[in-house]
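I have placed the structure first, in the form of structure tokens, so that the comments after it can refer back to it.
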Number of protein chains: 2
Amino acid sequence: MTARQHASRMAAECIGVRIRLLNRIVTNVYDTALRPLGLKTSQLNVLAAAAYLGVARPAEVAERLQMDVSTLSRNIDRMKNRGWLEVVPDEDGRMQPFQLTREGQALFEKAFPLWEKAQQQVETLLGDDGVTHLRAAAEDFFRIPPR
Amino acid sequence: MTARQHASRMAAECIGVRIRLLNRIVTNVYDTALRPLGLKTSQLNVLAAAAYLGVARPAEVAERLQMDVSTLSRNIDRMKNRGWLEVVPDEDGRMQPFQLTREGQALFEKAFPLWEKAQQQVETLLGDDGVTHLRAAAEDFFRIPPR
DNA sequence: ACGATATAGTTGCATATGCAAGGAATGGCC
DNA sequence: GGCCATTCCTTGCATATGCAACTATATCGT
């Protein structure tokens, strides 16, 4: 097998290439829609987690979103600095649970209709089948165990 | 509608959350497999593009992978510094076409079996249905117009 | 030949991502 | 009580990502 044939197989088969491509395309749509608020997709995810959980622990959010705690730690930092999040004191000194500030809540409410618009754009872009396929592929990994 | 209900809808419906989740999970598998070579998934993508194209123009690669040219520009930079890529002179002074160096070729060949292993792991992780769904969702966006 | 326009890449800035290593606090176990 | 392991988070480091603005080069119209 030549290198070019190997490359050809990777181009034809690689799942990573495909998911990364879709990720860039889709994330871009949400980012563009949210830009007027100075908000990024990943930040909206954190806002939503906090809005849903009320008081959220970084470790729990990281586990739900399957992201590294250190990544989340710094994302939260930036959002604290903007006044969107605040730490909630906890008996256990190791924890740094956080919640939305009043500004954070207001921002989330402003972001919601923009999210809806972006969501529609993505649905149009991927098509009904594409959306169905994507949901099906993700469903095993995105569980929303209610609290 | 309360904020929590909005958050609930986003959690239940958001395509961005799902694709980003899948992206993190899948990219992590490839990254882990490639780590012994000091290679990241995105870099392997560039290596493969160069192996496939022979001489690759940044703009073309960026277009195929739907990524920002500035992102690619810096990725290529790092890979040049490692001796994996080299610039090919071009008549048009604007262009900075590149190709694999001998080392880059050797690296790509060493990476291939690791990629195969990671690909299998991902297939196991997502299941046959998941893989099929993902391919179906991506197929409209990942065309491989041969050269 | 010249100026306007278009194209290809690069650079400044900011955010995001994850591994490895380092604290800090808690909870056993003896 | 004191040590050890565990849990939770943060920090150092490196890469990746994209927008906006910029430079350099080429092309087109006149």
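A note on names: the letters A, B, ... follow the listed sequences, proteins ahead of strands, and every chain is numbered from 1.
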Roughly, in whole Å, what's the span from [atom1] in [X] to [atom2] in [N]?
X	N	atom1	atom2	value
Leu34(B)	dC19(C)	CG	C1'	15 Å
Asp68(B)	dA8(C)	CG	P	14 Å
Leu72(B)	dA8(C)	CG	P	14 Å
Met67(A)	dT15(C)	CE	C1'	12 Å
Asp31(B)	dA16(D)	CG	P	9 Å
Asn23(A)	dA16(C)	CG	P	13 Å
Leu39(A)	dG18(D)	CG	C1'	16 Å

Inset, instruction - Taking the side chain as every heavy atom from C-beta outward, state whether Arg9(A) and Phe112(B) have any atom pair closer than 4.5 Å. - result: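 Sidechains of Phe112(B) and Arg9(A): in contact.
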Legend entry - Among dT15(D), dT17(C), dC9(D), the one nearest Arg57(A) by side-chain distance: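 Shortest atom-to-atom distance from the side chain points to dC9(D).
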Inset, instruction - Going by the side-chain hydrogen bond (donor to acceptor under 3.5 Å, both in side chains) test, name the single residue among Thr27(A), Asp31(A), Thr32(A) that passes it with Thr41(A). - result: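 When side-chain hydrogen bond (donor to acceptor under 3.5 Å, both in side chains) is applied between Thr41(A) and each of Thr27(A), Asp31(A), Thr32(A), only Asp31(A) qualifies.
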Inset, instruction - Go through the side-chain N and O atoms of Tyr30(A) and Gln119(A) and say whether any donor and acceptor fall under 3.5 Å apart. - result: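 Per modelled atom types, Tyr30(A) and Gln119(A) side chains form a pair under 3.5 Å.
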Inset, instruction - Select from Lys40(A) and Arg35(B) the residue whose nearest nucleotide in DNA chain C is closer to the 5' end of that strand. - result: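 It is Lys40(A), whose closest nucleotide lies nearer the 5' terminus.
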Inset, instruction - Looking only at non-hydrogen atoms, find the nearest pair between Ala33(A) and Ala118(A) and report the distance. - result: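 Answer, listing the atom of Ala33(A) first, then Ala118(A): CB-CB, 3.7 Å.
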Legend entry - Neighbour count >12 (heavy atoms, 6.0 Å) for atom CG, Asn81(A):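 Yes, enclosed.
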Inset, instruction - Decide yes or no, distance alone: a donor-acceptor N/O pair under 3.5 angstrom between the base of dC9(D) and the side-chain of Ser70(A). - result: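 No, the side chain and the base share no sub-3.5 Å donor-acceptor pair.
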Inset, instruction - Can you sort out which residues in residues 74-107 of chain B have a heavy atom within less than 4.0 Å of DNA chain D? Ascending by number, please. - result: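 Contacts with DNA chain D under 4.0 Å: Arg74(B), Asn75(B), Arg78(B), Arg82(B), Glu91(B), Asp92(B), Gly93(B), Arg94(B).
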Inset, instruction - Name the nucleic acid region contacted by Thr71(B), choosing base, sugar-phosphate or nothing; use a 4.0 angstrom heavy-atom cut-off, strictly under. - result: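 Since a base atom lies under 4.0 Å of Thr71(B), the category is base.
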Inset, instruction - Describe the nucleic acid contact of Asn28(A) in one word from base, sugar-phosphate, nothing, applying a heavy-atom distance below 4.0 Å. - result: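 Asn28(A): backbone/sugar contact only, no base atoms under 4.0 Å.
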Inset, instruction - With DNA chain D as reference, determine whether Ser73(A) or Arg20(A) sits nearer its 5' end, using the nearest nucleotide of each. - result: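 Result of the comparison: Ser73(A).
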Inset, instruction - Fit a plane to each ring of His133(B) and His133(A), take the angle between them on a 0 to 90° scale, and name the class: parallel (under 30°), tilted (30 to 60°) or perpendicular (over 60°). - result: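 Taking His133(A) first and then His133(B), their aromatic rings sit tilted (interplane angle of 30° to 60°).
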Legend entry - Glu60(A) bridged to Arg64(A) by N-O distance under 4.0 Å: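 Yes, this pair counts.
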